[in-house]
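One structure, pasted below without further comment.
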Amino acid sequence: MAKQVEFTAELLANEALGGGQRLLTFVCPQIAAAARPGQFVALATETFLRRPLGICGVDRKRGHFRVGGRAKGAGMAALLALKPGAQVNVLGPLGNAFNWNKGDYIIACGGGTGVFPLHFLLQEAAEAGCRTAVALGFRDCEQAILQADFKQIADTCLYASEAGDLDVEGTALTALAELLPAAEAWRQERQAQQAGGAGSGQIRLVTCGPLPMMRGAYDLVCPLGIDCQVSLEERMACGVGLCLVCVCAMKGHKGEPDHYARCCKEGPVFPAQDVLWP
Amino acid sequence: MVDLTIKLQRMDLDNPLVAASGTYGFGREAELYTDLSLWGAISSKGITAEPRSGNPPPRVAETPAGMLNSVGLQNPGVESFIRDELPHMLSFPCKTVVNVAGSLVEDYERVCRLVAQTEAPAIELNLSCPNVHGGCMSFGADPRAVEAVTRRVRAITDKEIWVKLTPNITDITEAARAAEAGGADAISLINTLLGMAIDINTRRPILKNNTGGLSGPAVKPVALRMVSEVYRAVQIPIIGMGGIVTAEDVVAFMLAGASAVQIGTANLLSPHRIEHIHADLLAWLDRKGCRTAAELTGGLKLW
C-alpha cells in the first residue's frame, strides 16, 4: 500500500527566537498526525534540493508542525524569510524516531540547532509522564533559545554558556554532568522498586548537536551503562533512502565490517555505541 | 487510449520510463511510496563483483539546477545482490535491468556470467561511472575498451544488453559505434558530467571525494545534444537520460532519438515525481493526437 509522503504545508507563523534562530509553524495535518520525535521533514525552497529540518514539535489537534533553524545558506535564508500564508512543498515525516517508553527517565543534551528535535521529544515524554531533564549549551545568553519552553516542560533544566551568563558556566556537557547524580539516584530507587515488583523504565540519554558534544555526552554516560541515542546529520538529497548520499560511518559489531548507514533511513537517530566516531 | 509500449531489441517495456541506476536502489524504498507499474523498468544500483562500501561523506553537493554526487558505487556485491535483492526486484510489475560496474574487463565478465543465469531480462553495462579511481572512467573514454567489454559480455549472454556511456569524452559517437560493433542492443546516455563544488570559507571541495558527477536539469542540453548525435551515428535503440524532470523533457529526449528514457535525479526531488511525469506524458500525447509514445522517437527535424 503506497504511502503518500509529499504534502503542501501552509506557513502559519515565523517567529524570531534569538541568536538568529527562527521558528516556523506549518499547517499540515498529515505530518502532524504521523510525526514522532527524532524525525525530520524535507522542505522545498528556491534551491534545487530540499532542506531537511528536525521536527521541533507538533500540535496534533490543530494539525501543526514546527521546525527551526538559522540562515546558514541561501536555502535556509529563503525558508526563514517566508511570510505566513506561504505554501511550501514538504516531504515528511522522514527518518526514524527516538526510542523511549513511558516510565523512562529522559535526559536530553544538546546545542545549536540540535535543540529542536530534543524539544519534540521532551514534549511527548513529559506528556507521557516520564521524568525529564535537559542540559543545553550556548555561546552566551543571547544565543540561548526556547529557555522558557524547556523550563516549563522539563522537571530539571540547565542552560549552560561559556560566558557564564546562564544557569551553568561551561558547555552542555558541564550541565549534563550536574544532572547525572539525580538520574543515578532515580535508577537506584527504581531498581529497589523493581525488586519489589514495580514497573520498568530506564535512564535514556538523547543528544543532538555538534559532533564533539555528542561524543562527549556518550563518553560521560557510557561507563555508567546509560542508554545513549544520538541524532546525526549529513548532507542529503532524496531523504527517503534512494540515493545513498547521506551516509554516516557505523561500527561493525560481532565480526561484521564497519559500514555506512543512511542518515535519512537507518537514522537520523542511532545508538551511540554503533557510531564510528571520527 | 495512448499506447505507451516500447519495443527494444530483445525486450519490451510497458512504457518508455526507466528509473536510472543509483537513484532507485533496488526498488525497496520506492515501493513504499509509489506504484512501480508506472515504470517501464528499473535499472538497479550498480553491482560490482565484490561488495563496495562507497566513498566517505559528504557525497552530495548542490549546484544550480542540479547536484554533484560521489557515492562511489556502494553496493552489496553480485552474490548478495542475486541472493537478497534480485528476487524481490523480479516480483515488480516493471522490468528489471541489472546495472553492472567494474574496474577490469574480467569483473564485468564475472558479474555478467552470474547475472546471465538469473531471470533478469536485461543488463546495463556501466562503463562510465566517474567516481571509481582508475576504473570505469578509463573504459568509457576509450572506444576500443567499450567495444571489448561489450563483446565479452555479448559472448556470454542472450539477454538484452544496454551500454551506458560517459559524456566525459571528446566524441561520444565513437564510443556509441564501438558499443554497437561489440553487439550492444541499446546505448544508454548520458551518465553524469564530472564536476566540482567549493566551500570558500573552509577553502575545501564540498565533496570528500573532491569531484563528483553532475546531474539534473543543468546537464539536459548536453544530454539532448549527445542523444541527437548518437541517434544519427548508430542503428540500435537509444535510452536517453540527463536532467529529465517533466513529461515535456521525456518528449524532447524521444524526439532527439531516444526510444526510452531514464529518470534519475528527479526521483530525488520526490518519490512521487514519477506519478506526475507518467500522468502528464499520457495527457500530452493524448492532447497532441499521438496514438503511441513510440512514434515520437527521432521526430526531431534538424535545420
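In what follows, chains carry the letters A, B, and so on, assigned in the order in which the sequence lines appear, proteins first and then strands, with residues in each chain numbered from 1.
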Of the backbone (N, CA, C, O) and the side chain (C-beta and beyond), which part of B:Thr265 lies under 4.5 Å from a heavy atom of chain A, both, or neither?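 Contact with chain A: side chain only.
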Do the side chain of B:Asn210 and the main chain of B:Arg204 share a donor and acceptor less than 3.5 angstrom apart?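 Here the side-chain-to-backbone pair does not exist.
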Quick check against the 3.5 Å criterion: does A:Arg50 have a side-chain atom that pairs as donor or acceptor with the backbone of A:Ala42?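 Such a contact is found between A:Arg50 side chain and A:Ala42 backbone.
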B:Glu124-B:Asn126 side chain donor-acceptor pair, cut-off 3.5 Å: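 Checked: B:Glu124/B:Asn126 side chains show no N/O donor-acceptor pair below 3.5 Å.
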At their closest point, which heavy atom of B:Ser270 faces which heavy atom of A:Leu91, and how far apart are they?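 Closest heavy-atom pair between B:Ser270 and A:Leu91: OG-CD2, 4.0 Å.
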Check whether A:Leu49 gets within reach of chain B through its side chain, its backbone, both or neither, counting any heavy atom under 4.5 Å.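 Contact with chain B is through both the backbone and side chain of A:Leu49.
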Does a salt bridge link A:Arg215 with A:Asp219, judged by any charged N lying under 4.0 Å from a carboxylate O?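 Between A:Asp219 and A:Arg215 there is a salt bridge, with a charged N closer than 4.0 Å to a carboxylate O.
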Counting heavy-atom pairs under 4.5 Å to chain B, which of A:Asp258, A:Val240, A:Asn89 comes out on top?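 Answer, by heavy-atom pair count under 4.5 Å with chain B: A:Val240.
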Tell me, side chain or backbone of A:Glu6 under 4.5 Å from chain B's heavy atoms, or both, or neither?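 When you check distances to chain B, atoms from both the backbone and side chain of A:Glu6 fall under 4.5 Å.
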Side chain, backbone, both or neither: which part of B:Ala30 has a non-hydrogen atom closer than 4.5 Å to chain A?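 B:Ala30 touches chain A through backbone and side-chain heavy atoms alike.
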State whether the side chain of A:Asp59 and the backbone N or O of A:His64 hold a donor-acceptor pair below 3.5 Å, judged by distance alone.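 No, because the side chain of A:Asp59 does not come within donor-acceptor range (under 3.5 Å) of the backbone of A:His64.
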Heavy-atom proximity to chain B below 4.5 Å, by part of A:Ala237: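 Interface part for A:Ala237: both.
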Any donor-acceptor N or O pair under 3.5 Å, side chains B:Glu275, B:His272: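 There is such a pair (donor and acceptor under 3.5 Å, judged by atom type) between the side chains of B:Glu275 and B:His272.
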Ring centres under 6.0 Å, that's the criterion: do A:Phe98 and A:Phe120 meet it?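 They do not qualify: ring centres at least 6.0 Å apart.
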Given the options B:Gly66, B:Gly216, B:Pro64, which has more heavy-atom pairs under 4.5 Å with chain A than any of the others?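 Going by pairs under 4.5 Å, I would pick B:Gly66.
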Which pair of non-hydrogen atoms, one from B:Thr211 and one from B:Ser70, has the smallest distance, and what is that distance?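 Here B:Thr211 and B:Ser70 meet closest at O-CB, 3.6 Å.
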Atom group of B:Pro56 that falls short of 4.5 Å from chain A, counting heavy atoms: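 Both parts, heavy atoms under 4.5 Å.
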Proximity of residues 31-51 of chain B to chain A, residues having a non-hydrogen atom under 4.5 angstrom: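 B:Leu32, B:Tyr33, B:Thr34, B:Lys45, listed by number.
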Test salt bridge (charged side-chain N to carboxylate O under 4.0 Å, His left out) on A:Glu46 and A:Arg51 and set out the steps. CA-CA 10 Å; A:Glu46 331 173 322; A:Arg51 290 296 179 269; over 6 Å; no
Which of B:Gly264, B:Ser53, B:Gly27 touches chain A most, by non-hydrogen pairs under 4.5 Å: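 Top count of heavy-atom pairs under 4.5 Å with chain A: B:Ser53.
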